[in-house]
Amino acid sequence: MSLYKVVESGMNLFGPKVLGVVAKWYGASMSNELNRMGLRAEDVLIEDSAMKEALELADSDIAQGRYRRLLRASDLSFKGKEYQDYQDIKKLRPFKSEVWDLAEKIEAREEEYEVLDVYKTS
């Protein structure tokens, strides 16, 4: 049995468990950091074309809330403060998804357009 096969079988056996533990640890760590500034995970995503379009199509309250959270986080960072100095962080939901589903649908639509264009130009 080659070394590659041994490593591959070990990853198949223990990989999902190790990945689950690391993902849980990373989620807790990210949650703590987001709560420090009162942000959500969607707030710190890079604004590519799909995310920009999703924010434009989303309810204005969602976009306004995101903008205000980003401003508040920047202000807190400038002052050297944390969100918990002013508000209770138990109410926060850092992984609440409001725009991500729409952004994924837009990305899927763009990929479908690319596939259709490939067949159109062939």
Side-chain angles (χ1 to χ4, degrees):
M1 183 177 241
S2 71
L3 180 62
Y4 176 75
K5 292 287 185 187
V6 171
V7 171
E8 182 182 21
S9 65
M11 288 301 293
N12 288 338
L13 184 62
F14 298 110
K17 293 177 184 176
V18 172
L19 188 62
V21 170
V22 171
K24 194 173 192 178
W25 171 80
Y26 180 74
S29 175
M30 187 173 173
S31 175
N32 288 336
E33 289 299 314
L34 291 170
N35 285 341
R36 283 184 53 228
M37 293 296 159
L39 291 171
R40 292 186 181 160
E42 286 184 340
D43 297 339
V44 296
L45 292 175
I46 297 172
E47 279 193 27
D48 58 353
S49 61
M51 184 59 88
K52 285 181 183 177
E53 186 176 349
L55 285 169
E56 289 172 3
L57 294 174
D59 189 23
S60 63
D61 291 339
I62 293 172
Q64 185 69 20
R66 181 178 190 268
Y67 179 70
R68 287 182 178 169
R69 285 189 300 273
L70 289 170
L71 281 179
R72 180 182 59 219
S74 127
D75 184 52
L76 290 172
S77 177
F78 177 75
K79 293 177 181 176
K81 300 277 187 175
E82 291 184 3
Y83 185 76
Q84 64 190 4
D85 296 341
Y86 300 100
Q87 296 286 329
D88 184 21
I89 62 170
K90 292 179 183 176
K91 298 176 190 174
L92 296 177
R93 297 187 302 177
F95 296 109
K96 181 180 178 186
S97 178
E98 294 177 326
V99 182
W100 184 251
D101 296 334
L102 186 57
E104 284 182 330
K105 289 178 184 177
I106 292 170
E107 286 177 355
R109 181 196 68 197
E110 294 301 320
E111 289 174 7
E112 187 175 343
Y113 285 162
E114 287 177 13
V115 169
L116 291 174
D117 283 343
V118 167
Y119 289 116
K120 183 176 163 182
T121 57
S122 301

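Atoms considered below: every heavy atom in the structure, side chains included; atoms not considered: hydrogens, waters and symmetry mates. In what follows, residues are counted from 1 in the order of the sequence shown.
Residues meeting the side chain to side chain donor-acceptor pair (under 3.5 Å) test with N35, sequence neighbours left out: none. Take R66 and apply the side chain to side chain donor-acceptor pair (under 3.5 Å) test, not counting sequence neighbours, and it matches E47.
Distance check: Q84 CD to I89 CD1 gives 5.0 Å after rounding to the nearest 0.5 Å. Here the CD atom belonging to E56 is positioned 10.5 Å from the CG atom belonging to L102, to the nearest 0.5 angstrom. If you take NZ on K79 and OH on Y86, they are separated by 5.0 Å, rounding to the nearest 0.5 Å. In this structure, the separation between CG on L34 and CG on D43 is 8.0 Å, given to the nearest 0.5 Å. Residue L70 holds its CG atom at 11.5 Å from CZ of R40, rounded to the nearest 0.5 Å. Summarising the geometry, atom CD belonging to E53 is positioned 10.5 Å from atom CD belonging to E107; distances are rounded to the nearest 0.5 Å.
Note on F95: it clusters hydrophobically with Y26, by side-chain heavy-atom contacts below 4.5 Å among ILVMFWY residues.
At least one donor-acceptor pair closer than 3.5 Å links the side chain of E42 to the backbone N or O of E98. Remark: the backbone N or O of S29 is not paired with any side-chain donor or acceptor of N32 at under 3.5 angstrom.
Between R36 and E33, at least one side-chain N (NZ, or NE/NH1/NH2) sits under 4.0 Å from a carboxylate O, which counts as a salt bridge.
The environment of CZ in R68 is sparse: at most 12 heavy-atom neighbours from other residues, nucleotides or ligands sit within 6.0 Å.
In this structure, L57 and I106 have side chains that are in contact, with non-hydrogen atoms separated by less than 4.5 Å.
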